[in-house]
Amino acid sequence: MKKITARPYSLRDVPFHYCPGCMHGIAHRLVAEVIDELGVSGRTIGISSVGCSVFAKHYFNVDMIQAAHGRAPAVATGVKRVLPDRVLFTYQGDGDLAAIGIGDFIHTASRGEKITTIFVNNTVYGMTGGQMAPTTLIGQVTKTTPFGRSVEINGNPIRVCELIAPVEGVAYVERVSLHNPKEIIKAKKAIKRAFEMQLNGIGFSLVEALSACPTNLGLSPLEAIKWMEEKMIPFYPLGVYKSPAGVV
Amino acid sequence: MRRFLMKGNDAIGEGAILAGCRHFFGYPITPQSEVAHYLAKRLPEVGGLFMQAESELASINLVFGAACAGARVMTASSSPGVSLMQEGLSFLAGSELPCVLVNIMRGGPGLGNIGPSQGDYFQATRGGGHGDYYTIVLAPNSVQEILDIMKKAFDLSDMYRMPVVVMADGIMGQMMEPVVIDEEKSVEIPPRPWATIGRDYHEDRNEINSLFVVLEEMEEVNLRLLHKYEEIRAKETLCEEYMLNDAEVALVAFGTVSRICRAVVDKAREQGIRAGLIRPITLWPFPYDVISRAAKSAQCLLAVEMNMGQMFEDVEIGAKGRVPVYHYGRLGGMVPLAKDILEELKKVSERGGTGR
Amino acid sequence: MSKVTFREDRCKGCQLCTTACPKKIIVMASSINEMGYHIASVTEQEKCTGCGLCVIMCPDMVIEVERGQAG
Ligand SMILES: Cc1ncc(C[n+]2csc(CCOP(=O)(O)OP(=O)(O)O)c2C)c(N)n1
Ligand code: SF4
Ligand code: SF4
Ligand code: SF4
């Protein structure tokens with residue numbers, strides 16, 4: 001008998017506070033599995049950001065730091081510059097990374113900091129109750145776009161992978177999705193590759209994981225998966241955007 | 001022991017290096033930039049890292065990260081930049097991380113100008129950012145004192161695990177004075193068992209955090225901070241007194257202005273007015289006791305500042321209404337002249353205790 | 001035969017596992033756990049192939065699969 005258990009060593013055995021069907025839990029698990037497989041648990045330091053995943057600080061069984069909203073890349077850089085042999089990852093939502101923290105994100109990437117960013121794009125601000133995010137789709141209804149996001153008022157959604165891939169210093173960029181097992185398996189491979197870029201000293205690495213926030217989409221978890229397939233993935237195409245071979 | 005001439009800005013940098021600081025993150029702003037220029041050259045010579053950040057927001061959070069990693073780390077900026085750092089400072093205080101922030105204050109509000117100012121007194125001594133906290137605030141007034149106070153700043157920040165702010169201005173930065181450096185003195189950096197350096201390098205697992213969603217837990221943290229602040233108030237208040245014992249008028253001034261006021265005291269005494277000077281070296285904790293004592297012996301107090309009357313309010317708190325407290329200030333980057341202060345001193349000494 | 005077990009107290013009833021199972025044997029039970037969620041369960045255990053896709057899909061690490069020799 002071979003046991004397939006979910007919990008990696010790098011995740012503490014405490015229940016997640018996330019809503020039913022929220023995919024932060026899946027992303028957490030993948031990151032922890034990769035840390036385990038690479039054997040770097042004892043020298044990894046994670047930075048949790050401000051958003052629903054702020055509690056990542058509590059869940060990962062590695063040393064963790066809770067940063068201010070948008071500042072995870074700067075904090076990670078501060079640690080890495082003092083301890084270059086450690087493994088650093090930031091775990092950020094779309095508000096944290098693409099709105100308030102986009103400056104830190106771009107500069108950290110362009111400096112080619114050897115850190116890995118796990119970017120969970122759920123197209124809304126989860127923690128604050130479902131307001132518009134920089135990644136909210138055109139027409140998408142949120143608490144602050146009650147009539148749907150409009151280009152005139154709110155501007156266009158930001159595609160983070162496409163934005164950052166051409167930047168020098170960036171070693172690896174891939175967009176994955178967490179909406180079915182096949183894509184989750186791919187997501188894990190991407191996260192592993194991203195961490196390997198860091199371990200091999202190649203540069204900054206980013207994995208954008210498309211994720212559902214059923215609570216703020218006002219959908220059931222199953223409907224949210226459908227929504228991701230029909231609305232989100234067409235706008236945010238999955239795939240590798242940059243690897244050491246170049247921009248894809 | 002070595003003796004040489006040194007500029008205030010260089011003393012900030014060299015003082016940090018002597019204190020064992022090997023990491024600096026900052027963003028250029030006049031009149032702070034010379035500190036950065038000095039450290040950009042000096043830090044690599046001693047195996048340290050100087051890094052220019054993309055903003056003060058990033059600077060303070062790079063400092064935050066380096067502090068989490070256990071480094072003695074600092075940044076320096078000037079008023080607008082320090083404003084931008086306040087959220088980070090609050091997070092450093094909430095996470096109980098040590099670091100040093102130097103503010104070479106300039107005229108304000110807004111973009112103001114690059115003239116010397118003491119307009120950030122409120123911001124510095126009342127925590128500065130959001131939430132219930134303080135930072136230790138040190139205000140040197142000579143190049144030698146800058147050099148020594150940098151070491152003290154790092155030691156205090158380590159001892160109490162909190163940010164320490166050093167306040168100066170452009171005049172102090174440009175001032176050239178002889179200093180003595182004792183290079184034999186070794187630095188001892190205390191161990192940091194709380195640092196997030198990876199689980200393999202310490203017992204258990206470390207988490208650096210300023211989020212406490214359970215209200216009782218947050219209150220517990222607040223109380224711990226409060227006890228810390230009480231201990232600091234009791235043990236770390238620093239103040240220099242000059243000719244205070246028999247003074248009928250006590251000037252109160254810090255930093256650049258305190259140098260001028262010292263000369264004013266001498267001048268006043270030559271003219272038969274018994275003046276004295278109280279120079280707070282720690283602006284927080286503020287030497288209320290010394291003020292209080294002076295309020296018993298002197299007839300009035302005169303706060304002299306390069307602002308509209310910020311430290312003035314602390315002097316009033318210390319005086320507890322026993323004697324009148326007056327204020328004389330120059331604003332907008334202007335420095336009060338000795339003759340004008342003397343004039344003001346004469347005026348208030350005539351009015352003395354007879355009201356304001 | 002493979003065996004699927006659910007850590008029922010951690011199940012949030014999100015049903016994501018039901019979409020992951022190629023054999024469609026995961027269903028939501030009528031019983032409710034302490035958090036008030038309907039819990040996932042497997043009706044026809046013998047049909048389970050031990051593929052583990054449900055484990056991969058569950059955000060809350062509720063599921064454990066013991067993969068049998070045959071099937
Ligand atoms: C400086 C600052 N501004 C605003 C907030 C409030 N805030 C908390 S979380 C958040 C948005 C988080 O959204 P996202 O990054 O998408 O993460 P999610 O909650 O969706 O996982 C905001 C605006 C804050 N904590 N700090
Ligand atoms: S609000 Fe959205 S992002 Fe936050 S835990 Fe719930 S489902 Fe997840
Ligand atoms: S292991 Fe595979 S077949 Fe068995 S219940 Fe899970 S998904 Fe279904
Ligand atoms: S995916 Fe997990 S939490 Fe959701 S219903 Fe299935 S077992 Fe329960």
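In what follows, every chain begins at residue 1, and chains take the letters A, B, ... in the order their sequences are listed.
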[X] portion near chain A, given a 4.5 angstrom heavy-atom threshold:
| X | value |
| --- | --- |
| B/A195 | backbone |
| B/I197 | both |
| B/V73 | neither |

Is it the case that more than 12 heavy atoms not belonging to B/D132 sit under 6.0 Å from its CG atom?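 Open: at most 12 neighbouring heavy atoms sit under 6.0 Å from CG of B/D132.
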Counting neighbours of CD on B/E45 that are heavy atoms of other residues, nucleotides or ligands and sit closer than 6.0 Å, is the number greater than 12?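 Yes - once you tally the heavy atoms of other residues, nucleotides and ligands closer than 6.0 Å, there are more than 12.
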Test item: [X] and [Y] side chains (from C-beta on) under 4.5 Å apart, heavy atoms:
| X | Y | value |
| --- | --- | --- |
| B/L211 | A/K57 | yes |
| A/T77 | B/F25 | no |
| A/M64 | B/R205 | yes |
| B/N209 | A/H58 | no |

For [X] and [Y], which heavy atoms make the closest approach, and how far apart are they?
| X | Y | answer |
| --- | --- | --- |
| A/V82 | B/A66 | CG2-CB, 3.6 Å |
| A/H69 | B/E87 | N-OE2, 4.3 Å |
| A/L83 | B/A69 | CD1-CB, 3.7 Å |
| A/D63 | B/T196 | OD2-CA, 3.4 Å |

Can you tell me how far the [atom1] atom of [X] sits from the [atom2] atom of [Y], to the nearest 0.5 Å?
| X | Y | atom1 | atom2 | result |
| --- | --- | --- | --- | --- |
| B/M51 | A/R81 | CE | CZ | 4.5 Å |
| A/I45 | B/C68 | CD1 | SG | 9.5 Å |
| A/K80 | B/L62 | NZ | CG | 14.5 Å |
| A/Q66 | B/F64 | CD | CZ | 6.5 Å |

Ring-face cation of A/R86 near B/Y201 (centre distance under 6.0 Å, axis angle within 45°):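 Yes; both conditions hold, so A/R86 lies above the ring face of B/Y201.
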Test side chain to side chain contact (heavy atoms under 4.5 Å, CB included) on A/N61 and B/R199 and set out the steps. CA-CA 9 Å; A/N61 186 24; B/R199 232 185 36 230; 4.0 Å; yes
Less than 4.5 Å to any heavy atom of chain B: does that hold for the side chain of A/A68, its backbone, both, or neither?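 Both backbone and side chain.
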